[in-house]
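I have placed the structure first, in the form of structure tokens, so that the comments after it can refer back to it.
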Amino acid sequence: MNTSPIDTLSNTQTKTKTKTKRKLKGRAPAVDTELLARATKASTDEALVLVDAHQQGLTAAEANARLEQWGPNVVRHQRPPAPIVQYLRTLTNPFILILIGLVVIMFFTDVLFADPEEGSDWVGVITISTMVLVSSIMRFWQEFRSGRAAERLAALVRTTTAVTRQIDGVPVTGERSIEEVVPGDIVELAAGDMLPADVRLIRSTDLQVNQAMLTGEAMPVEKRVDPLTTVADPLEAENLGFMGTSVVSGSGTALVLQTGDRTAFGNLAASIQGARVDTAFDKGIRKVTWTLIRFMAVVVPTVFIINGITKDWGSAFLFAVVTAVGLTPEMLPLVVTANLAKGAQMMSRARVIVKRLAAIQDLGGMDVLATDKTGTLTEDRIVLERHLDTNGQSSDRTLGWATVNSHFQTGLRNLLDKAVLNAAGDDLDRSVSRFELVDEMPFDFARRRMSVVVAEGDDTHVIVTKGAIEEILKIAEWEMVGTERRRLTEERRVEIEAIVAEHNALGMRALGVATRDIEVAGPMSREIEYTVEDEVQMTIVGILTFLDPPKASARPALRSLASHGIDVKVITGDNPLVTATVCREVGIDATHIVLGEETEALSLTELGELAERTHVFAKTNPTQKARIIEAMREHGRTVGYLGDGINDAPALRTADVGISVDTAVDIAKESADIILLEKDLTVLEDGVMEGRRTFVNTMKYIKMTASSNFGNVFSVLVASAMLPFLPMIPIVVLIQNLSYDLSMLTLPWDKVDNEQIRSPRRWESKTLTQFMLRIGPLSSIFDITTFALMWFVFAANSPEHAAYFQSGWFIESIISQTLIVHLLRTRKIPFVQSRASAPLLIATSMVCIFGLILPFTGFGAAVGLVTVPWTYFPWLIATLATYCLVVEFAKRRYVRRFGTWI
């Protein structure tokens with residue numbers, strides 16, 4: 001079934017069809033499709049009756065009453081929430097929620113119900129609370145600042161339109177704010193005007209309207225006032241105009257049918273407001289969170305029970321809480337935020353505004369880029385592609401006469417005229433210098449051509465006509481072949497039509513050029529008036545073909561994106577012939593093009609499978625675009641969408657990462673996560689690489705910290721079962737974790753190996769589990785050897801020597817945990833094939849030094865640590881060296897088996 005885009009816009013308000021439809025507060029009323037359909041079939045007088053209007057315009061009283069009834073003519077925009085609401089949303093991060101839960105528990109155990117003799121211990125509560133505050137404030141500030149920058153881009157100037165109203169019974173036309181326009185108003189349209197509402201044309205003079213932002217059609221649409229007998233799609237009705245579209249040329253008078261949220265523009269804007277769907281980043285971080293929560297759910301109760309049975313239940317509960325803290329990567333929200341903030345800063349230097357920080361991660365994980373055609377793959381301007389003679393060969397004569405026609409016409413030049421003059425370039429003066437304008441016959445939609453009459457000397461006038469090829473053939477009796485003028489036969493007409501059809505099949509628009517020489521005498525010949533009746537016995541000179549050409553940068557950019565594992569798909573509202581031509585020229589497979597209406601009957605699963613083997617979708621309406629995106633996401637792809645029109649807004653909202661440009665319509669910019677200050681795929685590539693670097697450095701922290709913490713907790717389980725005392729002091733566990741995590745804040749500035757960003761990256765809890773289970777226990781092996789060292793060699797084997805034991809394990813644990821970062825951050829040989837950045841080297845070195853000297857300081861003694869003998873350090877060096885060798889060996893086996901590392 002072929003569904004009208006206007007019907008589809010209406011349906012998004014009344015039924016839930018896919019996951020892209022969301023509940024809205026204060027829904028906008030649906031587009032009145034019945035009113036639009038009736039208006040297209042009605043005469044001018046009947047159309048006026050439909051909205052109770054008058055040809056002379058509304059009176060002030062009528063206009064005020066309708067303004068009260070229908071409200072201002074404004075489209076509802078989704079505004080950022082209040083700053084406090086934005087901040088509270090940052091606290092909903094899963095890891096932050098875990099930390100907040102731990103803060104609450106530690107407040108009760110360490111402060112509220114603390115042992116009166118020992119006093120309240122605020123260290124743990126303050127430490128974790130500080131982590132939460134710093135992380136949430138950083139994320140809030142970055143997104144708040146980016147949101148304000150995007151708002152400034154979307155700021156609208158006050159727009160007016162020419163409205164005819166009755167004043168004392170006399171129609172008066174004056175400029176009024178678009179917000180004051182009401183149904184029934186009569187508005188005047190001229191070149192450059194934006195249509196203020198959905199309207200029915202009641203007068204049209206050479207009116208051409210650009211509807212690209214609604215339909216994706218690159219070429220302007222001709223508008224006329226005649227009633228239509230059938231209306232398959234209101235957007236294609238020649239006598240209707242729609243809010244937000246713009247007049248390219250000509251003028252007209254229109255009757256306002258619908259305003260504000262009831263327009264096609266407003267209805268679509270309302271349909272994309274509300275909560276976003278979960279992106280790949282959201283799903284990935286949720287999976288990682290639940291993986292760690294499952295480990296905590298098993299390990300923490302086990303630690304509690306073992307220590308409760310072997311020691312006392314009070315200290316066992318406290319140690320279980322600390323174990324939970326130890327297993328949680330406390331700094332993850334802060335490290336992720338720091339990574340994203342750095343990525344946003346780097347992207348801003350490349351003239352890219354990041355509205356939603358997490359979108360950087362999704363950009364790095366993107367394996368499908370869906371894009372509109374116009375302005376992304378093409379120049380978003382019409383050019384004269386070819387100028388041919390009647391045999392289809394390139395002809396400068398055709399270009400010369402077309403230049404004369406476009407140059408001498410006195411009306412507003414349309415895009416085609418500008419393309420002709422641009423093609424003439426330096427030859428313009430030579431082509432027109434010998435002529436003088438005598439008269440012209442302006443373009444009209446009945447004959448679909450326009451002519452100029454120029455004088456060549458005092459005895460010859462030349463009528464130069466340019467227009468639709470079928471109309472040129474109607475008035476042509478001759479053709480120019482080389483330098484010879486021949487009679488135009490029916491056989492030759494068919495051959496010329498075949499040449500035009502061939503170029504139409506390539507998506508080009510074709511016009512014909514014809515001339516007629518008229519002999520005149522005397523200087524008074526300049527006063528002769530010509531009419532359309534003089535457009536007879538013409539000689540067809542040749543054919544002009546026009547196209548919105550591909551960008552020179554498109555093909556290499558697409559090739560580069562493909563080399564980085566990103567599949568580019570074109571989803572456009574333009575016609576399939578034009579789309580196929582552009583796609584072929586930029587290297588996109590267009591052998592199989594799917595039309596939007598063909599996707600309607602498919603389920604999301606079927607559509608996802610179709611999208612896997614299809615690269616081009618044409619003639620798609622806004623909801624079809626969004627549904628194609630949703631189907632690809634359901635098929636397991638991470639999808640980015642690049643678009644700038646109101647027709648792109650639902651797709652931008654549905655994609656994992658929505659990308660728009662600063663020249664886009666406001667609704668598109670509101671729906672996007674990333675705004676480019678230059679609409680070019682090469683800019684995107686830099687953003688993708690930055691997103692992947694951000695992802696890799698974030699995953700370094702998660703994998704290294706989770707596996708390290710898991711190894712420590714595993715060691716705690718063993719020690720808890722074997723030792724008659726707690727293996728480590730709870731406050732020391734917090735100090736160790738905090739020291740390590742602070743060094744990890746330098747990870748956003750770490751170098752990333754090239755092979756780590758060659759392909760799209762996504763959050764996978766499975767790889768995290770594999771990493772934890774295979775790498776984490778390695779540290780436990782050497783923790784256990786350290787236990788044995790302290791127990792048997794240094795005789796720290798009784799509760800009286802617990803501090804001695806705990807100090808020895810603390811030094812080994814913090815140094816091994818920090819040193820191993822350099823082995824785990826790369827699959828290469830550390831320090832030789834891959835070296836960490838200077839900030840990370842300095843930070844990890846400082847933590848190792850801190851771990852070495854802490855037991856020898858007064859602060860160390862205050863938290864329960866004691867000094868260890870110098871004979872301990874040769875053992876420590878041997879342990880660390882062996883640990884590094886074992887990890888390097890395990891790393892190579894892991895890479896061979898799973899083909900990946902970080």
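- Between Ile588 and Val568, some side-chain heavy-atom pair lies under the 4.5 Å cut-off.
- The structure places CE of Met450 at 11.5 Å from CG of Leu511, a figure rounded to the nearest 0.5 Å.
- For Asp656 (side chain) and Gly640 (main-chain N/O), no donor-acceptor pair under 3.5 Å exists by modelled atom type.
- Contacts of Arg200 classified as side-chain hydrogen bond (donor to acceptor under 3.5 Å, both in side chains), with partners at least two apart in sequence or in another chain: none.
- For the pair Arg66/Thr259, no side-chain contact is recorded, criterion being any heavy-atom separation below 4.5 Å from C-beta on.
- Remark: Ile472 CD1 to Lys466 NZ distance equals 9.5 Å, nearest 0.5 Å.
- For Arg165, the side-chain hydrogen bond (donor to acceptor under 3.5 Å, both in side chains) criterion is met by Asp185, not counting sequence neighbours.
- Partners of Gln55 under the side-chain hydrogen bond (donor to acceptor under 3.5 Å, both in side chains) rule, at least two apart in sequence or in another chain, do not exist in this structure.
- In this structure, Arg262 contributes its side chain and Trp70 its backbone to a donor-acceptor pair below 3.5 Å.
- No side-chain heavy atom of Glu222 sits under 4.5 Å from any side-chain heavy atom of Glu238.
- A distance-only check finds no donor-acceptor pair linking the side chain of Gln258 to the backbone of Thr263 [under 3.5 Å].
- A 6.0 Å sphere centred on CZ of Arg38 holds no more than 12 heavy atoms belonging to other residues, nucleotides or ligands.
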**OP:** Take Asn422 and Val383 through the side-chain contact (heavy atoms from CB on, under 4.5 Å) test and state the conclusion after the steps.
**Re:** CA-CA 8 Å; Asn422 287 336; Val383 300; over 6 Å; no
**OP:** Determine, stepwise, if the pair Leu58 / Val163 fulfils side-chain contact (heavy atoms from CB on, under 4.5 Å).
**Re:** CA-CA 10 Å; Leu58 301 175; Val163 181; over 6 Å; no
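- Side-chain atoms of Thr654 do not come within 3.5 Å of backbone N or O of Glu630 as any donor-acceptor pair.
- Remark: Arg203 CZ to Leu189 CG distance equals 8.5 Å, nearest 0.5 Å.
- To the nearest 0.5 Å, atoms CD (Glu175) and OG1 (Thr161) are separated by 6.5 Å.
- Side chain of Lys223 to backbone of Leu240: a donor-acceptor contact under 3.5 angstrom is found.
- The pair Arg627-Glu600 fails the salt-bridge criterion, with no side-chain N (NZ, NE, NH1 or NH2) lying under 4.0 Å from an Asp/Glu carboxylate O.
- With sequence neighbours left out, the salt bridge (Lys or Arg N to Asp or Glu O under 4.0 Å) criterion links Lys551 to no other residue.
- Residues satisfying the salt bridge (Lys or Arg N to Asp or Glu O under 4.0 Å) criterion with Glu470, sequence neighbours excluded, are Arg448.
- Counting heavy atoms of neighbouring residues, nucleotides and ligands inside a 6.0 Å radius, atom CD of Glu68 does not exceed 12 of them.
- Counting heavy atoms from C-beta outward, Leu547 and Thr378 have side chains that stay 4.5 Å or more apart.
- No side-chain donor-acceptor contact under 3.5 Å links Lys373 to the backbone of Asp574.
- Ser660 has its side chain within reach of Asp644: a pair of non-hydrogen atoms, C-beta onward, lies under 4.5 Å apart.
- Side-chain atoms of Asn239 come within 3.5 Å of backbone atoms of Thr40 as a donor-acceptor pair (strictly under, hydrogens ignored).
- Here CD1 of Ile469 is found 11.0 Å from OG1 of Thr545. Values are rounded to the nearest 0.5 Å.
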Original post:
Taking it one step at a time, do Leu195 and Val247 satisfy side-chain contact (heavy atoms from CB on, under 4.5 Å)?
Top reply: CA-CA 7 Å; Leu195 271 66; Val247 178; 3.7 Å; yes
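- The side-chain heavy atoms of Leu416 and Gln208, taken from C-beta on, include no pair separated by under 4.5 Å.
- Taking CD1 of Ile593 as the start and NE2 of His615 as the end, the distance is 12.5 Å to the nearest 0.5 Å.
- A donor-acceptor pair under 3.5 Å is formed between the side chain of Thr620 and the backbone N or O of Thr572.
- Side chain of Asn73 to backbone of Pro196: a donor-acceptor contact under 3.5 angstrom is found.
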Residues 45-54 side chain polar contacts: donor-acceptor under 3.5 Å, at least two apart:
{"from": "Glu46", "atom 1": "OE1", "to": "Ser43", "atom 2": "N", "distance (Å)": "2.8"}
{"from": "Glu46", "atom 1": "OE1", "to": "Ser43", "atom 2": "OG", "distance (Å)": "3.3"}
{"from": "His54", "atom 1": "NE2", "to": "Glu62", "atom 2": "OE1", "distance (Å)": "3.3"}
{"from": "His54", "atom 1": "NE2", "to": "Glu62", "atom 2": "OE2", "distance (Å)": "3.1"}

